[in-house]
**Student:** 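The structure follows.
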Amino acid sequence: MPEQVFREVEVVWNECLDIIKGKVSSQAFKTWFEPTKPLSLEESTIKIQVPNRFFYEWIDEKYYSVVRKTIVKVLGDNAKLVYHTVEEDVQENPETRAVKLPFLGTDRVENNTLRSGHKGPQITFTKPVHLTSDYSGVELNPRFTFENFVKGECNQFAHAAAKAVTENPGKTRFNPMVIYGGTGLGKTHLAQAIGHEILQRNRGERIIYTTSERFSLDFVDSIQNQKTSEFNNFYRSTTVLIVDDIQFFANKEATQDNFFHTFNSLNQEGKQIILTSDVPPRQLQKVNERLISRFQWGLTTDLQPPDLETRIAILQKMSADEGYQLPGDVIEYIARNITSSVRELEGCLISLLAESSLRNIPLSVDLTRDVIGDIAIVEERTVNAETIQQEVCEQMQIPLSLLTGKSRKQEIVFARQIAMYLMRELTGASLKTIGNHYGGRDHTTVMHSVNTIADLVQAGDDRTRRILNGLYRTLGVGPR
């Protein structure tokens with residue numbers, strides 16, 4: 001390749017990498033994007049080299065949206081990306097180059113078999129496909145089932161409610177069902193699991209899974225192409241409608257108006273509606289009040305960051321699904337250092353397995369520490385139930401067993417009330433969820449505790465203010 005041509009593609013790809021670096025975690029960038037190399041640039045098509053087939057499949061599976069938006073931004077609307085795998089040395093024994101890499105849980109590898117040196121799948125960026133009256137696709141991820149969903153205290157109620165919906169969709173008081181929680185806690189997984197279960201019970205049911213962004217794009221597209229009737233018929237003729245990330249309806253007044261009528265139509269016909277959001281409906285910003293009111297008609301349930309035991313169970317299941325048996329100390333190290341989300345756990349596990357396989361190094365705590373070190377540092381100050389309990393116990397000098405136990409000693413009760421207040425204020429957890437972290441106390445007890453501390457703060461109680469300020473500093477946050 002002429003030096004000038006290579007220089008051009010190198011500049012373009014480095015520009016793409018600079019953008020991608022700001023949109024993914026440092027560990028993800030180091031693992032999946034640093035090993036890539038630019039090969040050629042022809043008009044709006046850029047070809048890059050990746051170490052093996054697994055790399056482009058993983059990037060396509062996990063970072064498609066980021067890569068798509070980046071390529072379009074750099075090269076324009078007609079941008080295309082082609083992957084090319086590293087050519088093997090034909091004289092080298094293939095068996096010596098075999099690398100056991102994590103399985104993606106998809107049939108795509110078998111359906112699109114590639115040989116070393118051949119280009120990988122091409123990502124073409126186009127406008128959304130126009131809706132047609134006979135469209136019948138069900139966009140459900142085959143991995144997002146109840147069987148693959150690990151239950152714990154953080155999601156027990158939401159899981160039970162989701163299972164109840166599948167038994168009689170549209171006919172329970174759980175309609176609509178709104179699942180909310182932070183990024184990477186399993187909202188999409190649980191919502192799609194409902195769809196899978198309903199289809200398994202009755203293959204004749206029609207289920208639509210979409211995102212608020214896709215719904216909005218489809219709606220705009222239908223207006224531009226004078227197909228609003230087809231759009232309405234498509235979305236309003238389903239048995240179950242699952243809409244992900246409803247917080248992105250914000251500021252889209254026309255889309256909100258259409259979804260309002262779609263919601264009413266489905267609800268009146270007894271169809272099941274399942275919604276996910278980063279926040280509870282009442283906290284949605286720039287969303288019409290009449291729509292928020294309807295979101296609150298049924299059941300609103302939250303997902304909390306998984307506790308230590310649940311994180312360990314998740315890692316055990318993930319590693320077993322990938323065909324690995326991780327040492328107990330490795331699993332515990334990851335579980336204790338990655339606390340914010342299931343998605344982070346999965347990303348760290350895959351990075352660890354890939355690093356071990358590609359470098360032919362056995363799994364160990366030392367390797368784990370090297371691989372997830374940067375992420376663990378970031379995660380150290382994640383504010384959740386466990387970090388709050390830990391800091392309260394340390395500052396107020398009481399053991400965790402007493403804080404979460406049944407002791408009625410005044411100092412223990414006060415510390416427990418402080419911890420409950422902080423958990424409510426800093427994590428937004430429901431009263432029921434908070435109660436579960438403190439010996440299964442009911443919501444009235446939690447509400448009383450939160451209100452007690454709030455009243456002391458309002459009254460300017462010096463001791464309470466001093467304790468809270470100290471906890472805010474150690475948790476790395478400020479009063480809300």
Side-chain angles (χ1 to χ4, degrees), residues 152-158 180-182 185 279-280 283 300-312 335-342 344 376 378-480:
E153 285 191 7
C154 56
N155 57 37
Q156 189 172 22
F157 178 75
Y180 76 92
L185 296 182
V279 296
Q283 293 181 17
T300 298
T301 182
D302 68 327
L303 296 178
Q304 289 294 314
D307 54 30
L308 177 62
E309 291 75 13
T310 304
R311 295 197 298 273
I312 289 175
R336 288 192 178 279
N337 286 277
I338 306 300
T339 62
S340 63
S341 76
V342 177
E344 286 285 4
V378 174
E379 292 275 342
E380 280 180 358
R381 287 292 83 193
T382 298
V383 179
N384 54 33
E386 293 175 2
T387 55
I388 290 172
Q389 289 175 342
Q390 178 183 343
E391 294 301 337
V392 169
C393 288
E394 184 172 336
Q395 180 162 322
M396 303 187 74
Q397 297 184 343
I398 60 173
L400 179 62
S401 59
L402 289 181
L403 184 72
T404 59
K406 298 181 179 181
S407 173
R408 299 301 302 167
K409 290 184 178 180
Q410 185 175 354
E411 286 302 303
I412 304 299
V413 170
F414 181 65
R416 191 180 299 133
Q417 290 173 337
I418 287 283
M420 289 181 176
Y421 173 83
L422 287 174
M423 188 171 172
R424 181 69 166 173
E425 183 187 25
L426 300 179
T427 72
S430 68
L431 298 175
K432 178 179 177 60
T433 298
I434 296 173
N436 287 338
H437 284 280
Y438 294 89
R441 286 175 167 81
D442 62 36
H443 71 281
T444 57
T445 301
V446 177
M447 183 180 298
H448 171 74
S449 298
V450 172
N451 290 339
T452 296
I453 300 302
D455 290 342
L456 289 171
V457 171
Q458 185 68 26
D461 182 77
D462 287 340
R463 183 190 179 210
T464 303
R465 177 180 54 80
R466 186 174 63 255
I467 291 173
L468 287 176
N469 286 341
L471 288 166
Y472 287 137
R473 284 195 300 271
T474 56
L475 290 168
V477 297
R480 300 288 175 92

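Everything numeric here is computed off the predicted structure, so don't read it as measured data.
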**Student:** Side chains of Leu431 and Arg424, heavy atoms from C-beta outward: is any pair under 4.5 Å?
**Tutor:**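 Side chain of Leu431 against side chain of Arg424, heavy atoms only: contact under 4.5 Å found.
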
**Student:** For the backbone of Leu185 and the side chain of Gln304, can you confirm whether one donor and one acceptor N or O come within less than 3.5 Å of each other?
**Tutor:**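 Absent.
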
**Student:** Sequence neighbours excluded, which residues qualify as salt bridge (Lys or Arg N to Asp or Glu O under 4.0 Å) partners of Arg408?
**Tutor:**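 Testing Arg408 for salt bridge (Lys or Arg N to Asp or Glu O under 4.0 Å), a comparison that skips the adjacent residues, returns none.
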
**Student:** Where do Arg416 and Leu402 come nearest, in terms of heavy atoms and distance?
**Tutor:**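 Looking at all heavy atoms of both residues, the closest pair is NH2-O, 3.1 Å.
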
**Student:** Within the 3.5 Å criterion, strictly below it, is a donor on Ser449 or Thr452 matched to an acceptor on the partner's side chain?
**Tutor:**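 Thr452 and Ser449 do not have a side-chain donor-acceptor pair below 3.5 Å.
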
**Student:** Compute whether any side-chain donor of one residue and acceptor of the other, for Gln417 and Tyr438, lie under 3.5 angstrom apart.
**Tutor:**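 Gln417 vs Tyr438: no donor-acceptor pair found between side chains.
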
**Student:** Answer yes if the side chains of Thr387 and Asn384 hold a donor-acceptor pair under 3.5 Å, and no otherwise.
**Tutor:**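 Yes - a donor-acceptor pair under 3.5 Å links their side chains.
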
**Student:** Can you name the closest pair of heavy atoms from Leu403 and Cys393 and give their distance?
**Tutor:**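 Heavy atoms of Leu403 and Cys393 come nearest at CD2-SG, 3.7 Å.
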
**Student:** In Å and rounded to the nearest 0.5 Å, what is the NZ to CD1 distance from Lys406 to Ile412?
**Tutor:**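 It is 16.0 Å, given to the nearest 0.5 Å.
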
**Student:** Could you go through Phe157 and Thr433, starting from their C-alpha distance and side-chain angles, then the distance that decides it, and tell me whether this counts as side-chain contact (heavy atoms from CB on, under 4.5 Å)?
**Tutor:** CA-CA 9 Å; Phe157 178 75; Thr433 298; over 6 Å; no

**Student:** Would you mind reporting whether Val457 and Arg465 have side-chain heavy atoms less than 4.5 Å apart?
**Tutor:**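 Of all side-chain heavy-atom pairs linking Val457 with Arg465, none is under 4.5 Å.
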
**Student:** Measure the spacing between OG1 of Thr404 and CG of Asn436 and express it to the nearest 0.5 Å.
**Tutor:**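 The distance works out to 12.5 Å.
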
**Student:** Taking Arg463 first and then Glu411, would you say they form a salt bridge - that is, a charged N and a carboxylate O separated by under 4.0 Å?
**Tutor:**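 Judged by the 4.0 Å cut-off on N to carboxylate O distance, Arg463 and Glu411 do form a salt bridge.
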
**Student:** Just so I know, are the side chains of Thr464 and Ile418 near enough to count as touching, which here means a heavy-atom distance under 4.5 Å?
**Tutor:**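 Thr464 vs Ile418: side chains touch.
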
**Student:** Go through the steps for Glu391 and Tyr472 under the test side-chain hydrogen bond (donor to acceptor under 3.5 Å, both in side chains), then give the verdict.
**Tutor:** CA-CA 10 Å; Glu391 294 301 337; Tyr472 287 137; over 6 Å; no

**Student:** Please say whether more than 12 non-hydrogen atoms of neighbouring residues, nucleotides or ligands are located less than 6.0 Å from CD in Gln283.
**Tutor:**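 Enclosed.
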
**Student:** Whether the side chain of Gln395 engages the backbone of Ile467 through a donor-acceptor N/O pair (distance < 3.5 Å, no angle test) should be reported.
**Tutor:**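 Yes: the side chain of Gln395 pairs with the backbone of Ile467.
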
**Student:** Just wondering, do Asp302 and Asn155 contact through their side chains at under 4.5 Å, heavy atoms?
**Tutor:**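 Not touching, per the 4.5 Å side-chain cut-off.
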
**Student:** Distance check, rounded to the nearest 0.5 Å: Gln156 atom CD versus Thr310 atom OG1?
**Tutor:**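 Spacing of CD (Gln156) from OG1 (Thr310) equals 9.5 Å.
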
**Student:** How long is the straight-line distance from CZ of Arg336 back to CD1 of Ile312, given to the nearest 0.5 Å?
**Tutor:**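 Reported value, rounded in 0.5 Å steps: 6.5 Å.
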
**Student:** Could you please spell out the steps behind the side-chain contact (heavy atoms from CB on, under 4.5 Å) verdict for Ser430 and His443?
**Tutor:** CA-CA 9 Å; Ser430 68; His443 71 281; over 6 Å; no

**Student:** Would you say that Leu468 contacts Tyr421 through its side chain, given a criterion of any heavy-atom pair below 4.5 Å between the two side chains?
**Tutor:**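 They are in contact (side-chain heavy atoms under 4.5 Å apart), so the answer is yes.
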
**Student:** Is the shortest heavy-atom distance from the side chain of Thr301 to the side chain of Tyr180 under 4.5 Å?
**Tutor:**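 Answer no - side chains too far apart.
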
**Student:** Among all residues two or more places apart in sequence or in another chain, which pass the salt bridge (Lys or Arg N to Asp or Glu O under 4.0 Å) test with Arg311?
**Tutor:**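 Listed in chain order: Glu386.
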
**Student:** Just how far is it from atom CG of Leu471 to atom CE of Met396, taken to the nearest 0.5 Å?
**Tutor:**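 If I round to the nearest 0.5 Å, the distance is 8.0 Å.
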
**Student:** Is any side-chain heavy atom of Met420 closer than 4.5 Å to a side-chain heavy atom of His437?
**Tutor:**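 No. Closest side-chain heavy atoms not under 4.5 Å.
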
**Student:** Taking the side chain as C-beta and beyond, is there a heavy-atom pair between Thr427 and Ile388 under 4.5 Å?
**Tutor:**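 Thr427 reaches Ile388 side chain to side chain.
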
**Student:** Could you check whether Thr445 and Asp442, counting side-chain N and O atoms only, form a donor-acceptor pair closer than 3.5 Å?
**Tutor:**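 Per modelled atom types, Asp442 and Thr445 side chains form a pair under 3.5 Å.
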
**Student:** Quick one: closest heavy-atom pair of Cys154 and Pro306, and the distance?
**Tutor:**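 The answer is SG-CA, 3.5 Å.
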
**Student:** Would you say the side-chain atoms of Arg441 pair up with the backbone N or O of Lys432, donor to acceptor, closer than 3.5 Å?
**Tutor:**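 Side chain of Arg441 to backbone of Lys432, a donor-acceptor pair under 3.5 Å: no, none is there.
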
